Novice: 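Structure below; questions to follow.
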Amino acid sequence: MNHSAEINADVIVVGLGPVGAVMANMLGRYGLRVLVIDQGSEIYKLPRAISFDHDALRILQSAGVQDGEFATVAIPQVQYHSPMFGRFIRMNTAKKIDDHPMIVTFYQPEFEALMRKKLTDLPNVDIRLNTTLKGIQDDGEVVHASVQTENQSWQTVRARFLIGTDGASSAVRNFLNIEFAGQSYSQDWLIVDATRVSMPIDHIEFLCDPQRPTPHMVAPGGRQRWEFMLQPSETREMMESKDNIRKLLSKWDRLENIEIERTAVYRFHALLAASFSKGRCFLAGDAAHVTPPFAGQGLVTGLRDVANLSWKMAWVTRGHAKAEILSSYSEERRPHAKKIINLARNLGSVIMPSNRVKAFFIHGLIRAIRMLPAGRAFFDDVKIKPENTFSQGLFARRSGSVYLRPGSSFPQYMVRQIPNGQVIRSDDLMGPFFSLIGFGSDPLKHLHPNLLLQWQKIGGTVINWCSSEYTKPLDSDSHRIESLGGDGFPGHAPDGWAVIVRPDRCVFTEGPSEFSDELVSEALSLITSKNCRS
Ligand SMILES: Cc1cc2nc3c(=O)[nH]c(=O)nc-3n(C[C@H](O)[C@H](O)[C@H](O)COP(=O)(O)OP(=O)(O)OC[C@H]3O[C@@H](n4cnc5c(N)ncnc54)[C@H](O)[C@@H]3O)c2cc1C
């Protein structure tokens, strides 16, 4: 059956929350025709996500967000306080990773407004608000989505793929009949965002008192946030009353001084979809995973989904890759999302121990672990957070892979372009492409012209990452760069090493530069030919 005349878009994105908005931006920047629908007309205004990590900021960089385009506050420390032991964890988050601060806080409505505004600059992205998904039919070639529009009329829209970014109660997930299992906490939490607090704070702190666990943090615009766990005897209405908030905040300031900006009461969940895809339909963001906010990773996890799925969908739609590569999305993303949920659950038991005895043991144990250098590093250097590394998926692990592990994240450096001397972030230089990078040697010297042509045809570039001693101009078409300030090569790779990096900066494969022909052939066969998967 030929549906091409009926197709309205390459991809339908269902849900214009933060994940849908970034997804539509990425797909739109890749040049796909995107239809994005949302049942609402407005950005969600109640307090939710407040912190991003360096991973999220790096993904937003690739979605075209410049530093400073939305307000952030860099967080130098995350502290945990015990009623018995005082400050028992102090995470040092003052560093940068991949040239982004380890943690920043932000104001979600401002961020979402920015992402929506950016969509209006993309003529290939069509936004329909007040439009609700009511059904999906996937015939194996095309997805038919039934939608109900503002004036209650019904329409069927068709696309090659559909992505459900429609949040925790995802209709897409329900239509696909994908199980969503895990744990729901029995406590409610009151979230309070306020301004004009006279006691300033520059960090994030968790007051891990079993009586009233309370995360507290600074945010842009002079804001501070508190999250208070409700006792079983307390109702939502009681908690949100002005008198109650006055009582709760009296420890920090008098309510006459403070301006309460917004409040909400939530129950937290730790839920994971059994699969992140079915046929031509995909889940991303809260539709695929919901995590309690103790690690500040819910939205960040959704953004990692976006980075992973968007390029694969673009490559398949353009005909640069076989459709089978899309199965690696769930294969790669689901195990990592599960690890993040487990991290948040573990932090939950540190932050909200159910009684003083448990608090004594958990906080005391962590305090003891931190007395050992390795234990201190685990907590203080935030090694507690699982790395964004895959054990299975779309990459080729060769024997002798030692410096940049395939399936791991390729770091971002500041680099100097040769010969013009311009200093640039390496991701910006690499752009939305596959990159074959040779360290200290030009991979083009080892790449057959026919392979180079095929490489370029599927969106591959070649970069010669020169050592700082480099002086004489090379006779080559590859991009030439060098690390700044005497930094060595990523992963401490030696001269003569090469790596292939995917458009989402996941390491695809590595090996000696002289084997560039082999590295590229392997990549081409895994990405483009049928029946050839890692
Ligand atoms: C208190 C709290 C604090 C948090 N703090 C952090 C944090 O610091 N850092 C962090 O990373 N994360 C945090 N999170 C998690 C984060 O807020 C969520 O992960 C994120 O907002 C989810 O975004 P989403 O786009 O996946 O879903 P949503 O924001 O829920 O968006 C879904 C969209 O889909 C639309 N929709 C739903 N059904 C349909 C349908 N049938 N048809 C059309 N449209 C539909 C909805 O209208 C909505 O616009 C926190 C969450 C809470 C509750």
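Order of appearance sets the numbers: ligands from 1, and atoms from 1 within every ligand. The residues of the chain are indexed from 1 along the displayed sequence. Just so it is clear, the structure is predicted and the values come from calculations on it, not from any experiment.
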Novice: Name the closest protein heavy atom to atom 26 (O) of ligand 1, giving the residue it belongs to and the distance to 0.1 Å.
Specialist: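 Protein heavy atom at minimum distance: Asp286 N, 2.9 Å.
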Novice: Give me the residue, atom name and distance of the protein heavy atom closest to atom 27 (O) of ligand 1.
Specialist: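 The closest heavy atom on the protein side is Gly167 CA, 3.6 Å.
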Novice: Evaluating non-hydrogen atoms only, which member of His269, Gln39, Gln108 is closest to atom 21 (O) of ligand 1?
Specialist: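 That would be Gln108.
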Novice: Should Arg502 and Asp504 count as an ion pair when the cut-off is N to O under 4.0 Å?
Specialist: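 Salt bridge flag = yes for Asp504 with Arg502.
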Novice: Going by the order shown, which atoms of ligand 1 are within less than 4.0 Å of some heavy atom of Thr165?
Specialist: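 In order of number, 32 (C), 33 (C), 34 (O).
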Novice: Return the closest protein heavy atom for atom 3 (C) of ligand 1 as residue, atom name and distance.
Specialist: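 Protein heavy atom at minimum distance: Arg48 O, 3.3 Å.
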Novice: For Phe276 and His289, I'd like to know if the aromatic rings sit close, meaning centre-to-centre distance below 6.0 Å.
Specialist: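 Yes, they do, as the ring centres are separated by less than 6.0 Å.
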Novice: Backbone or side chain, does any N or O of Val300 fall under 3.5 Å from an N or O of ligand 1?
Specialist: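 Min N/O separation from ligand 1 is below 3.5 Å for Val300.
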Novice: As a check for students: among Gly285, Ser51, Gly15, Pro215, identify the option with a heavy atom nearest to atom 8 (O) of ligand 1.
Specialist: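 Nearest option to atom 8 (O) of ligand 1, by heavy atoms: Ser51.
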Novice: Side chains of residues 184-193: which donor-acceptor partners sit under 3.5 Å, not counting sequence neighbours?
Specialist:
from	atom 1	to	atom 2	distance (Å)
Ser184	OG	His269	ND1	2.7
Asp188	OD1	Arg236	NH2	3.4
Asp188	OD1	Arg267	NE	2.9
Asp188	OD1	Arg267	NH2	3.4
Asp188	OD2	Arg267	NH2	3.4
Asp193	OD1	Arg225	NE	2.7
Asp193	OD2	Arg225	NH2	3.3
Asp193	OD2	Arg262	NE	2.9
Asp193	OD2	Arg262	NH2	2.9

Novice: Under 3.5 Å between any N/O of Ile50 and any N/O of ligand 1: does that happen in this structure?
Specialist: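 N/O-N/O distance under 3.5 Å: yes.
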Novice: Of Leu46, Asp38, Val22, which has the heavy atom at the shortest distance from atom 46 (C) of ligand 1?
Specialist: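 It is Asp38 whose heavy atom sits nearest to atom 46 (C) of ligand 1.
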Novice: Counting each atom of ligand 1 from 1 as listed, which ones have a heavy atom of Gln297 under 4.0 Å away?
Specialist: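 Listed by number with element, the hits are 10 (C), 11 (O).
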Novice: Give the residue and atom name of whichever protein heavy atom lies nearest to atom 11 (O) of ligand 1, and the separation in Å to one decimal.
Specialist: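 Here the closest protein heavy atom is Leu299 N, 2.8 Å.
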Novice: For atom 42 (N) of ligand 1, which protein heavy atom lies nearest, and how many Å away is it?
Specialist: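 The answer is Leu133 N, 3.0 Å.
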Novice: Within the 4.0 Å heavy-atom shell around Ile191, which atoms of ligand 1 are there?
Specialist: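 Going through ligand 1 atom by atom, the ones under 4.0 Å from Ile191 are 1 (C).
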Novice: What's the separation between atom CZ in Arg223 and atom OH in Tyr107, rounded to the nearest 0.5 Å?
Specialist: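 Nearest 0.5 Å value for the CZ-OH distance: 4.5 Å.
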Novice: Mind checking whether Thr131 has a heavy atom under 4.0 Å from ligand 1?
Specialist: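 Right, Thr131 reaches ligand 1.
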Novice: Give me the nearest non-hydrogen protein atom to atom 24 (P) of ligand 1 as residue plus atom name, then the distance to 0.1 Å.
Specialist: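 Checking every protein heavy atom, the shortest distance to atom 24 (P) of ligand 1 gives Val19 CG2, 3.8 Å.
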Novice: Identify which of Ser41, Ala171, Ala264, Ala49 has a heavy atom lying nearest to atom 14 (N) of ligand 1.
Specialist: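 Among Ser41, Ala171, Ala264, Ala49, the closest heavy atom to atom 14 (N) of ligand 1 comes from Ala49.
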Novice: Determine, using heavy atoms of Tyr44 and all atoms of ligand 1, whether some pair is separated by less than 4.0 Å.
Specialist: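 Judged by the 4.0 Å heavy-atom criterion, Tyr44 does not count as contacting ligand 1.
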Novice: Report the relative orientation of the aromatic rings in Trp315 and Trp311; use parallel for angles under 30°, tilted for 30 to 60°, perpendicular for over 60°.
Specialist: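 The arrangement is perpendicular - the two ring planes meet at more than 60°.
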Novice: Identify, for atom 23 (O) of ligand 1, the protein heavy atom at the shortest distance, and state residue, atom and that distance.
Specialist: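 Protein heavy atom with the smallest distance to atom 23 (O) of ligand 1: Pro18 CG, 3.4 Å.
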Novice: For the rings on Phe268 and Phe294, is their centre-to-centre separation under 6.0 Å?
Specialist: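 That pair passes the under 6.0 Å test.
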Novice: Quick check on side-chain hydrogen bond (donor to acceptor under 3.5 Å, both in side chains): which of Gln297, Arg304, His100 does Asp55 satisfy it with?
Specialist: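 Answer after filtering Gln297, Arg304, His100: Arg304.
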Novice: Does a side-chain heavy-atom distance below 4.5 Å link Pro386 with Ile340?
Specialist: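 Counting from C-beta outward, Pro386 and Ile340 do come under 4.5 Å.
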Novice: Take the angle between the ring planes of Trp226 and His216 and call it parallel below 30°, perpendicular above 60°, tilted in between.
Specialist: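 Taking His216 first and then Trp226, their aromatic rings lie parallel (interplane angle under 30°).
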Novice: For the residue pair Arg48 and Tyr44, would you count it as a cation-pi contact if the rule is NZ or CZ under 6.0 angstrom from the ring centre and within 45 degrees of the ring axis?
Specialist: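 Judged by the rule, Arg48 and Tyr44 form a cation-pi pair.
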Novice: Quick one: look up the protein heavy atom nearest atom 37 (C) of ligand 1 and list residue, atom name and how far away it is.
Specialist: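 That would be Asp166 O, 3.3 Å.
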Novice: Are Arg173 and Phe180 in a cation-pi contact, defined as NZ or CZ under 6.0 Å from the six-membered ring centre and within 45° of the axis?
Specialist: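 Yes, a cation-pi geometry.
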Novice: Donor-acceptor pairs under 3.5 angstrom involving side-chain atoms of residues 17-32: please list them, not counting sequence neighbours.
Specialist:
from	atom 1	to	atom 2	distance (Å)
Asn25	ND2	Ala21	O	2.8
Asn25	ND2	Met115	O	3.0

